[in-house]
Amino acid sequence: MLYPLFVADSFWSFGESCKLMGVRRPAAPLGLITVAAMLPRDWTVRLIDCNTAELCDDDLAWADIVFTGGMFPQQADTLRLIELCRARGTPVVVGGPDPTSSPHIYELADFRVLGEAESVIDDFVAAWESGARSGVFTAPKFQADVTKTPVPRFDLLRPEDYLYLGVQYSRGCPFTCEFCDIIELYGRVPRTKTTPQMLAELDALYAMGYRGHLDFVDDNFIGNKKSLRLFLPVLAEWQRAHDYPFELSTEASVNLADDPELLNLMADANFFAVFVGIESPDPATLVAMRKKQNTRRNIAESIHKIYAAGMLVTAGFIVGFDSEKVSMADAMIDFIEEAAIPVCMVGLLFALPNTQLTRRLAREGRLHANHDLALPSASGDQCTAGINFDPARPMRDILTDYKTVLATIYRPDIYASRIDRLMTLLDRSRQRPELPEGDVRTKVRALETVHRVTSAIPEAHGPFWKTFLACAKRDSSSARIAVAMIAAYAHLGPFARRVVEAIDVRLAALDETVPGATAPNHHAAHTPN
């Protein structure tokens with residue numbers, strides 16, 4: 001099993017931050033090790049994560065068959081691996097979200113397993129064992145019975161390579177966001193594993209000695225609240241019985257803030273972080289993108305409620321929607337400051353294959369050719385390569401707004417002030433203050449981390465040390481979270497600057513195309529209140 005390379009530099013790579021923590025990548029390949037558990041027991045399986053280890057000729061020579069595939073930012077390397085296998089005459093199977101959404105791009109693979117593997121993997125195995133050496137196996141949509149999904153082959157991983165490991169509780173999301181492909185891949189009726197299944201996965205991780213950050217990779221952890229209310233108390237009890245070996249994170253919709261019971265249950269289970277897709281502070285834009293769960297509310301207050309339950313929030317934002325008003329940069333910056341969210345993943349809108357947005361843009365004749373083809377040189381994560389369609393707003397305005405947001409929110413002093421504010425809002429009284437013994441993060445000393453980050457980024461020296469010392473005076477748990485945010489900046493700060501430089505190149509190219517075009521400068525000195 002070959003897990004393809006992600007594009008070299010993206011918001012999600014956290015390369016410098018991983019170096020600080022002594023690991024190679026943030027997250028492990030959960031999808032492939034789940035498929036590995038579905039294969040016949042007499043098959044010998046090896047895993048190579050191309051992001052953490054070298055693939056050698058001997059590896060391919062050993063294999064009777066290769067499984068690969070992944071997400072859009074892995075497309076270029078997946079295609080490289082397919083070519084490598086074909087050149088050696090080794091049959092290759094491809095699957096995962098991107099091959100499912102764009103199967104035509106992967107026609108050179110000997111086998112394509114499209115959709116959720118649980119529904120068709122047995123058909124593939126039967127075909128292979130009967131002598132078939134090519135084929136396409138397409139799962140019926142949204143019908144995989146996840147209560148029969150086996151415990152992933154965690155034994156195939158090298159946990160020391162990763163900042164955290166993952167488990168999956170549910171698939172699907174009840175909402176209808178126009179730009180999102182989750183509902184196209186997994187449906188709008190979230191299906192959940194059983195509580196005994198989840199405890200078996202936790203037991204497996206515990207037995208192999210893993211301790212530390214564990215991510216529930218669900219695209220919306222609270223999509224099926226009824227099931228979740230039954231699972232969380234048992235999860236909390238398992239954590240207590242095992243002396244809290246895992247510090248948990250997940251992704252959820254912002255309406256989590258409306259449910260005090262769920263917030264308390266998650267806090268009791270030792271959740272410490274939640275990723276929330278906010279996308280835009282503009283209500284009209286949220287309505288247009290069909291993100292109804294973010295409307296009719298003060299989003300900043302909702303984020304503060306999650307902080308009050310002891311969980312920090314990282315968030316996603318997108319620039320480039322049709323409904324954006326002239327210059328939305330100030331509103332987005334002001335919102336990020338008001339909400340006090342240090343780590344913000346801000347991208348340009350990218351029309352993913354197989355979404356409502358992509359179908360609408362195609363009908364309107366605005367979708368670019370090869371919109372679903374990832375170029376090896378592109379960023380692959382909506383930053384420098386976003387807007388793969390003809391936008392309603394002038395491209396120059398979109399790029400200028402995007403550049404302004406990134407250049408402002410990742411200024412060291414402004415980023416540090418958000419950390420400081422976050423720590424005044426974050427109530428960690430219900431979570432375990434200390435990390436479990438054996439957690440990779442315990443090897444990283446707070447003072448050393450701040451020193452290394454500020455030495456590499458001198459302009460961060462003053463604000464980061466001031467913030468760290470202020471947090472350390474409050475309590476040790478607060479200081480630990482602050483150090484994690486500072487470690488994240490080791491990647492986010494330089495990455496944001498590289499994206500700004502790339503956007504400048506795009507703006508210069510626009511100027512050459514439109515002689516006499518000049519950049520508006522009314523945002524240049526924006527300083528959030």
Side-chain angles (χ1 to χ4, degrees), residues 172-190 219-223 225 251-259 274-306 313-339 341 344-367 371 382 386-395 397-402 404-405 409:
C173 178
F175 300 113
T176 59
C177 306
E178 187 190 39
F179 60 87
C180 184
D181 62 350
I182 297 305
I183 54 176
E184 309 290 339
L185 290 166
Y186 306 118
R188 290 192 55 211
V189 180
D219 295 290
N220 190 352
F221 187 59
I222 67 166
K225 289 185 178 182
E251 178 173 345
S253 45
V254 75
N255 59 308
L256 168 63
D258 303 339
D259 198 319
V274 183
F275 178 88
V276 175
I278 293 173
E279 324 315 349
S280 173
D282 176 37
T285 296
L286 292 170
V287 169
M289 72 174 81
R290 301 181 185 177
K291 201 171 183 78
K292 65 179 182 179
Q293 66 272 28
N294 285 24
T295 61
R296 302 185 299 277
R297 69 173 60 245
N298 182 312
I299 304 178
E301 287 182 4
S302 295
I303 299 303
H304 294 170
K305 288 179 182 177
I306 299 174
V313 170
T314 58
F317 295 87
I318 301 174
V319 179
F321 290 104
D322 287 352
S323 53
E324 289 172 353
K325 297 178 176 62
V326 175
S327 178
M328 46 63 63
D330 290 358
M332 186 171 287
I333 292 166
D334 289 340
F335 170 81
I336 290 169
E337 288 300 302
E338 180 188 1
I341 307 171
C344 301
M345 309 299 184
V346 187
L348 290 168
L349 182 60
F350 191 93
L352 288 166
N354 190 31
T355 60
Q356 300 169 80
L357 172 64
T358 299
R359 292 191 287 273
R360 175 171 67 80
L361 292 170
R363 288 194 303 270
E364 295 171 1
R366 297 164 56 194
L367 197 61
H371 65 93
Q382 305 168 233
I387 315 292
N388 55 344
F389 56 93
D390 295 334
R393 209 157 60 105
M395 181 70 87
D397 292 351
I398 294 171
L399 295 179
T400 301
D401 276 344
Y402 181 52
T404 301
V405 172
I409 67 171

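Note that the structure is predicted; figures quoted are calculated from it, not measured. Start at 1 with the first residue, then count along the sequence.
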Answer yes or no: is there a side-chain heavy-atom contact under 4.5 Å between Phe317 and Ile336?
yes
Which atoms form the tightest heavy-atom contact between Phe389 and Pro391, and what is the distance?
O-CD, 3.2 Å
Given side chains that start at C-beta, do those of Tyr402 and Val346 come closer than 4.5 Å, heavy atoms only?
yes
Between Ala257 and Ile306, which heavy-atom pair has the shortest distance, and what is it?
CB-CG1, 4.2 Å
Salt bridge or not for Glu364 and Arg360, using N-O below 4.0 Å?
yes
Verify whether one side chain among Ser253 and Asn255 offers a donor that lies under 3.5 Å from an acceptor in the other.
yes
Nearest 0.5 Å, please: how far is CD1 in Ile387 from CG in Leu399?
7.0 Å
Asp322 versus Arg366: any side-chain heavy-atom pair under 4.5 Å?
yes
Qualifying residue for side-chain contact (heavy atoms from CB on, under 4.5 Å) with Leu349, from Leu357, Val319, Ile398:
Leu357
Gap separating the CD atom of Gln293 from the CD1 atom of Ile222, nearest 0.5 angstrom:
9.0 Å
Just so I know, are the side chains of Ile303 and Ile278 near enough to count as touching, which here means a heavy-atom distance under 4.5 Å?
yes
Compare every heavy atom of Pro281 with every heavy atom of Phe335, then report the nearest pair and how far apart it is.
CB-CB, 3.8 Å
Can you tell me how far CD of Glu324 sits from CE of Met332, rounded to the nearest 0.5 angstrom?
6.5 Å
Quick one: do Asp258 and Lys225 satisfy salt bridge (Lys or Arg N to Asp or Glu O under 4.0 Å)? Show the steps, please.
CA-CA 12 Å; Asp258 303 339; Lys225 289 185 178 182; over 6 Å; no
Drop me the distance from Ile318's CD1 to Met289's CE, to the nearest 0.5 angstrom.
6.5 Å
Can you name the closest pair of heavy atoms from Ala351 and His371 and give their distance?
O-ND1, 4.1 Å
About how many Å separate CG of Leu286 and CG of Asn294, when rounded to the nearest 0.5 Å?
5.5 Å
Rounded to the nearest 0.5 Å, how far does OG1 of Thr285 lie from CE of Met328?
8.0 Å
Close side-chain approach of Pro174 to Asn220, heavy-atom, < 4.5 Å:
yes
How close do Asp181 and Asn354 get, counting heavy atoms only, and between which atoms?
CB-O, 4.2 Å
Minimum heavy-atom distance between His304 and Glu338, given as atom pair plus value
NE2-O, 3.1 Å
Check: Cys180 main-chain N/O paired with Thr355 side-chain donor or acceptor under 3.5 Å
no
